[in-house]
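For reference, the structure discussed in these notes is given below.
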Amino acid sequence: MNLNTLSSEPLTSKTGRLAIALYPNALTAGSGEPVTYYARVMNRSRLNQEDIADDILASGASVPKESIISTWKLINNAVTCRIAEGISVDTGLGLLRPSINGSFDSANSDFDRKKHSITVQYRPGKQLAEILSSLTPVIAQGGHIQPEITDVRDKSMPTEKSDMLSPGGFLVIRGKNIMVLDREDGTGDDSVGVYFDNQDDPEKSVRLSPEQIYHNSSTLLEGIIPRLEPGIYKVRVATRYSGRRGRKGVQEHSFAKEFLVTA
């Protein structure tokens, strides 16, 4: 991308990739329903007019930096005045339109700054919209990562009985960030592991410790299903895994599907 000729050439992003982070939706977490996630763009930094002017100069432009910034300020002032007059302005980068927030009690109500506000709506211009549509969001590590179980199976059971668990059967759990990891110093507190939560009687719930998990990775857990009383169970993973190291707090995820254990 040559910044010096942006006005006459198609724009492209440098990498075509947009780093995002996923976080659990508080409305679904702990509700018994499958957990959903919302995304946030991982903002690397915040730039100002001087930073962008430096980008333009780095492309080989011969315009003095002071001229770039002063012209930019003139444009901003002119656009601001027009918007303040109730006029929509298309800057090329996007359309800026003044609007009012808040509801009015009647058709004759006055504007009340305690209940209403004046704001500006923004709609990306064609050029920016095309760039955004060409980007590929890439999930990266955010402030913290959460375990997520995507599949639980008893490999000892036939396919038509995939909703059942058999004590002594071969357990396979697939997911993301599910490695069962305890404190880095090795002082366990019996809180991490794979849990078989009895839905009718919590006292009948059973835990597999990290030592009882044969294959223990961030995407796959394998072990032997322990002795379970007949009933309905859910499978839950509790771990301190946070990428490469253990975290201070325990993160949990319970698979939404229920499993039957018979006598």
Side-chain angles (χ1 to χ4, degrees), residues 19-40 42 137-157 162-167 169-184 187-229 231-261:
I20 65 173
L22 300 182
Y23 299 90
N25 191 329
L27 296 178
T28 59
S31 65
E33 299 295 326
V35 177
T36 59
Y37 295 78
Y38 65 92
R40 285 185 176 175
M42 296 183 67
V138 178
I139 298 175
Q141 181 175 331
H144 61 280
I145 62 174
Q146 296 276 349
E148 179 186 4
I149 302 172
T150 58
D151 187 49
V152 175
R153 294 187 182 275
D154 180 351
K155 299 294 287 186
S156 307
M157 302 293 286
S162 61
D163 60 346
M164 299 181 66
L165 297 176
S166 59
F170 190 71
L171 176 71
V172 176
I173 301 175
R174 300 184 185 277
K176 301 176 183 177
N177 309 313
I178 58 175
M179 176 185 287
V180 179
L181 190 65
D182 212 332
R183 292 191 178 97
E184 290 185 276
T187 58
D189 57 5
D190 296 333
S191 63
V192 303
V194 174
Y195 287 81
F196 299 84
D197 294 322
N198 190 294
Q199 299 302 288
D200 298 316
D201 185 357
E203 294 296 325
K204 295 181 179 179
S205 299
V206 179
R207 165 183 170 265
L208 279 183
S209 68
E211 293 75 24
Q212 294 173 298
I213 301 171
Y214 300 154
H215 185 101
N216 189 359
S217 71
S218 64
T219 59
L220 177 64
L221 304 177
E222 293 178 342
I224 300 301
I225 298 173
R227 181 180 179 276
L228 301 171
E229 296 291 333
I232 302 297
Y233 289 81
K234 279 190 173 183
V235 176
R236 171 169 52 97
V237 169
T239 179
R240 297 180 186 275
Y241 179 73
S242 62
R244 296 182 178 179
R245 305 175 62 184
R247 66 170 80 248
K248 292 182 179 180
V250 175
Q251 300 288 341
E252 299 182 348
H253 183 243
S254 181
F255 194 49
K257 184 177 180 179
E258 294 184 336
F259 296 90
L260 174 65
V261 175

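Side-chain atoms are counted along with the backbone in the values below, which use heavy atoms only and exclude waters and symmetry mates. Position 1 is the first residue of the sequence, and the numbers go up from there.
For the pair Ile20/Val138, no side-chain contact is recorded, criterion being any heavy-atom separation below 4.5 Å from C-beta on.
Closest of all the heavy-atom pairs between Lys155 and Val172 is CG-CG2, 3.3 Å. Counting all heavy atoms, side chain and backbone alike, Phe255 lies closest to Lys234 at O-CD, 3.7 Å. Contact detail for Leu181 and Val192: the closest heavy-atom pair is O-CG1, 3.7 Å. Shortest non-hydrogen contact noted between Thr239 and Asn177 is CG2-O, 4.1 Å. Closest approach of Ile178 to Ile173, counting heavy atoms only: CD1-O, 3.7 Å.
Every side-chain contact (heavy atoms from CB on, under 4.5 Å) that Glu252 has, sequence neighbours left out, goes to Arg236, Ala238, Val250. Residues passing the side-chain contact (heavy atoms from CB on, under 4.5 Å) test with Leu260 are Met164, Ile232, Thr262, sequence neighbours excluded. When the side-chain contact (heavy atoms from CB on, under 4.5 Å) test is applied to Asp201, the partners found at least two apart in sequence or on another chain are Asn198, Glu203, Lys204. For Gln199, there are no side-chain hydrogen bond (donor to acceptor under 3.5 Å, both in side chains) partners, not counting sequence neighbours. Listed by chain and residue number, Asp151, Ser162 satisfy the side-chain contact (heavy atoms from CB on, under 4.5 Å) test with Arg153 (two or more places apart in sequence, or in another chain). Considering only residues two or more places apart in sequence or on other chains, Ser156 meets the side-chain hydrogen bond (donor to acceptor under 3.5 Å, both in side chains) condition with Asp154.
The line from OG1 of Thr219 to CZ of Arg174 is 8.0 Å long, rounded to the nearest 0.5 Å.
At distances below 3.5 Å, at least one donor-acceptor pair connects side-chain atoms of His253 with backbone N or O atoms of Ile149.
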